[in-house]
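Here's the structure we're looking at; comments come further down.
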Amino acid sequence: MAEGEEDLPRDAKIVKSLLKSMGVEDYEPRVIHQFLELWYRYVVDVLTDAQVYSEHAGKGAIDSDDVKLAIQSKVNFSFSQPPPREVLLELARNRNKVPLPRSIAGPASVPLPPEQDTLISPNYQLAIPRRQSAQAAEETEEDDEAVDPAVATSQQEQKTADVPPQSQRVSFPLVKRTK
């Protein structure tokens with residue numbers, strides 16, 4: 001045996017022999033630990049699921065049927081089979097029956113489909129805050145003169161926090177520039 005191989009646990013030796021049987025000769029030692037961690041995590045997940053299935057069936061202990069069911073459920077949720085080739089060909093035929101939209105080809109530009117078929121048309125809005133009315137501003141100034149400035153500042157902060165800012169929404173399309 002190679003040096004240090006006697007110190008390895010039985011599971012690590014199995015992983016090492018699996019790698020060797022697959023023709024992998026050069027690898028970092030951490031690879032064995034990563035495979036072991038993956039292996040243990042998978043076994044714990046399968047046995048946990050098997051225990052749930054066993055409890056659901058009213059059994060006192062896990063049996064091989066529970067483990068098989070847990071493995072099958074893991075396989076069903078982890079791996080998916082691609083559809084058969086015939087199904088894919090039929091889907092492609094149906095999709096290709098619809099012609100592509102006519103393109104807009106400008107001078108020395110990239111041909112693009114009609115604007116309604118693109119995702120680059122403008123679709124945004126700007127929020128422009130409205131200014132406070134003149135009457136409300138005068139009332140605030142009169143209140144500030146009658147009270148101590150430090151107290152007035154805190155009262156003004158409370159008023160602005162209580163009143164939500166009003167805004168006006170404006171939207172417009174971009175105008176195309178001709179060169």
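Ion pair Asp63/Lys59 flagged as a salt bridge, since at least one NZ, NE, NH1 or NH2 atom sits closer than 4.0 Å to an Asp/Glu carboxylate oxygen.
In the hydrophobic clustering of ILVMFWY residues, with side-chain heavy atoms under 4.5 Å counting as a link, Val15 and Tyr27 come out together. A single hydrophobic cluster is not seen to contain both Ile71 and Val52; linkage of ILVMFWY side chains at heavy-atom distances under 4.5 Å, directly or through other members, places them apart. Under the 4.5 Å side-chain heavy-atom criterion for Ile, Leu, Val, Met, Phe, Trp and Tyr, Val75 and Val46 are members of the same hydrophobic cluster. Grouping the Ile, Leu, Val, Met, Phe, Trp and Tyr side chains by contacts below 4.5 angstrom, directly or via other members, places Val24 apart from Leu38. Trp39 is connected to Phe35 through a chain of hydrophobic side-chain contacts under 4.5 Å among Ile, Leu, Val, Met, Phe, Trp and Tyr, so both are in one cluster.
Distance check, rounded to the nearest 0.5 Å: CG of Asp45 to NZ of Lys74 gives 4.0 Å. Between atom CD of residue Glu37 and atom CD of residue Gln34 there is a gap of 8.0 Å, rounded to the nearest 0.5 Å. Interatomic distance, Asp11 CG to Ile32 CD1, rounded to the nearest 0.5 Å: 11.5 Å. Note that CZ of Arg93 and CD of Glu90 are 5.0 Å apart. Values are rounded to the nearest 0.5 Å. Taking CG of Asp66 as the start and CG of Asp49 as the end, the distance is 11.0 Å to the nearest 0.5 Å.
Residue Tyr53 is found in a hydrophobic cluster whose other members, listed by chain and number, are Leu69; membership requires side-chain heavy atoms under 4.5 Å apart, directly or through intermediates.
Between Leu47 and Tyr42 the shortest side-chain heavy-atom distance does not fall below 4.5 Å.
For Arg95, there are no salt bridge (charged side-chain N to carboxylate O under 4.0 Å, His left out) partners two or more places apart in sequence or in a different chain.
With hydrogens and angles ignored, the 3.5 Å screen pairs a side-chain donor or acceptor of Thr48 with a backbone N or O of Val44.
Smallest separation of non-hydrogen atoms from Ser54 and Ala61: OG-O, 3.0 Å. Pairing each heavy atom of Ala50 with each of Ala70, the nearest pair is N-CB, 3.7 Å.
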